[in-house]
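The next block holds one structure in the form of structure tokens; read it before the comments.
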Amino acid sequence: NAGVMQNPRHLVRRRGQEARLRCSPMKGHSHVYWYRQLPEEGLKFMVYLQKENIIDESGMPKERFSAEFPKEGPSILRIQQVVRGDSAAYFCASSPGSWVNTEAFFGQGTRLTVV
Amino acid sequence: AQTVTQSQPEMSVQEAETVTLSCTYDTSESDYYLFWYKQPPSRQMILVIRQEAYKQQNATENRFSVNFQKAAKSFSLKISDSQLGDAAMYFCAYRTPQGGSEKLVFGKGTKLTVNP
């Protein structure tokens, strides 16, 4: 059973471009979480999605950031018009469902560098 | 809002010795989960150990154990017989099902160095 797969591992974008980060959850997992890790910081929650639904986006910046988890295919975190401050590692985690007695499994992250 | 504090930005330990990493948290919830994650240079987040708040018994996983003090809101990680491969960032995390969300709240991490 493959783990949580994120791609690309590294992404370089110029200021003003768009960044698309992909996350394929573990097989059988229907819940996806996105976290951002700034340098020297812990991970900060951004958004929680289930298939075709955003459940909690309380950690998402109000502008330029969006996320989706379609019925088919990976979850996508999209950052429009990137700025230097968006440079960070973005992690995806997935879990099988109900929070009781489950844990989230993390991908290896995508390091976004904005130049 | 829940917060997690790791007061030790860096720690070091001699190989084969024991080290304890500190974590405190703030919450008004009575039921929740606590975790320690390891992040080696590869960046992969690896679950080390978890503790359910309703369990009084401290969790143990091989050389890793926790000291969970619910009243003090303290959740420290003890690593026994430290090995070179234990060198990594360690993050303490808290989780509660607020409104169905399973999001984790992380501390800022402790960088552990293991000296040969």
Side-chain angles (χ1 to χ4, degrees), chain A residues 2-11 23 25-26 29-50 53-60 67 88-113, chain B residues 1-10 21-25 29 31-55 59 61 75 77 88-112:
Chain A
V4 178
M5 303 300 293
Q6 288 189 249
N7 66 83
R9 288 293 312 277
H10 302 275
L11 182 62
C23 169
M26 286 181 70
H29 285 193
S30 58
H31 296 217
V32 166
Y33 311 81
W34 285 94
Y35 291 83
R36 178 165 63 176
Q37 185 178 29
L38 295 170
E40 310 300 324
E41 295 281 327
L43 280 68
K44 295 282 174 59
F45 169 79
M46 298 181 75
V47 61
Y48 164 40
L49 309 103
Q50 295 177 19
N53 286 303
I54 296 175
I55 307 302
D56 180 356
E57 56 181 348
S58 58
M60 285 273 275
Y90 292 83
F91 287 88
C92 168
S94 73
S95 70
S98 170
W99 72 277
V100 177
N101 206 32
T102 65
E103 64 181 86
F105 294 85
F106 282 84
Q108 287 192 285
T110 294
R111 181 173 294 282
L112 172 65
T113 302
Chain B
Q2 292 82 12
T3 58
V4 176
T5 302
Q6 293 179 250
S7 59
Q8 306 153 316
E10 296 187 25
L21 308 184
S22 301
C23 173
T24 58
Y25 57 95
E29 302 279 343
D31 196 15
Y32 46 87
Y33 283 65
L34 295 165
F35 304 83
W36 278 97
Y37 280 89
K38 171 185 177 181
Q39 187 181 44
S42 68
R43 288 207 317 262
Q44 179 74 53
M45 293 291 287
I46 302 165
L47 179 64
V48 175
I49 200 165
R50 60 185 266 167
Q51 174 81 42
E52 291 88 344
Y54 65 86
K55 290 186 178 179
E61 288 287 345
F75 182 61
L77 174 70
M89 285 291 295
Y90 285 83
F91 293 97
C92 178
Y94 168 103
R95 191 182 81 192
T96 185
Q98 284 184 330
S101 178
E102 301 172 37
K103 63 185 178 186
L104 290 159
V105 178
F106 285 88
K108 289 192 174 185
T110 296
K111 182 178 181 180
L112 179 65

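Within every chain, numbering begins at 1; the chains are lettered A, B, ... in the order of the sequence lines, protein sequences first and strands thereafter. Heavy atoms only: backbone and side chains are in, while hydrogens, waters and symmetry mates are out.
Separation of atoms CD (Q6(A)) and CZ (R43(B)) is listed at 8.5 Å; rounding is to 0.5 Å. Residue C92(A) holds its SG atom at 13.0 Å from CE of M45(B), rounded to the nearest 0.5 Å.
For a residue to count as touching a neighbouring chain, one of its non-hydrogen atoms must lie under 4.5 Å from one of that chain's; by this rule Q6(B) does not touch chain A. Heavy atoms of L104(B) lying under 4.5 Å from chain A belong to its backbone as well as its side chain.
Between F106(B) and Y35(A), the ring centre distance stays below 6.0 Å.
Within 6.0 Å of the CE atom in M5(A), the count of heavy atoms belonging to other residues, nucleotides or ligands does not exceed 12.
Side-chain contact between K103(B) and S58(A) is present, with at least one heavy-atom pair separated by less than 4.5 Å. Inter-residue side-chain proximity for F91(B) and Q37(A) is flagged as met; some heavy-atom pair is nearer than 4.5 Å.
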What's the verdict on side-chain contact (heavy atoms from CB on, under 4.5 Å) for Q44(B) and F91(A), showing C-alpha distance, side-chain angles and the deciding distance?
-> CA-CA 9 Å; Q44(B) 179 74 53; F91(A) 287 88; over 6 Å; no

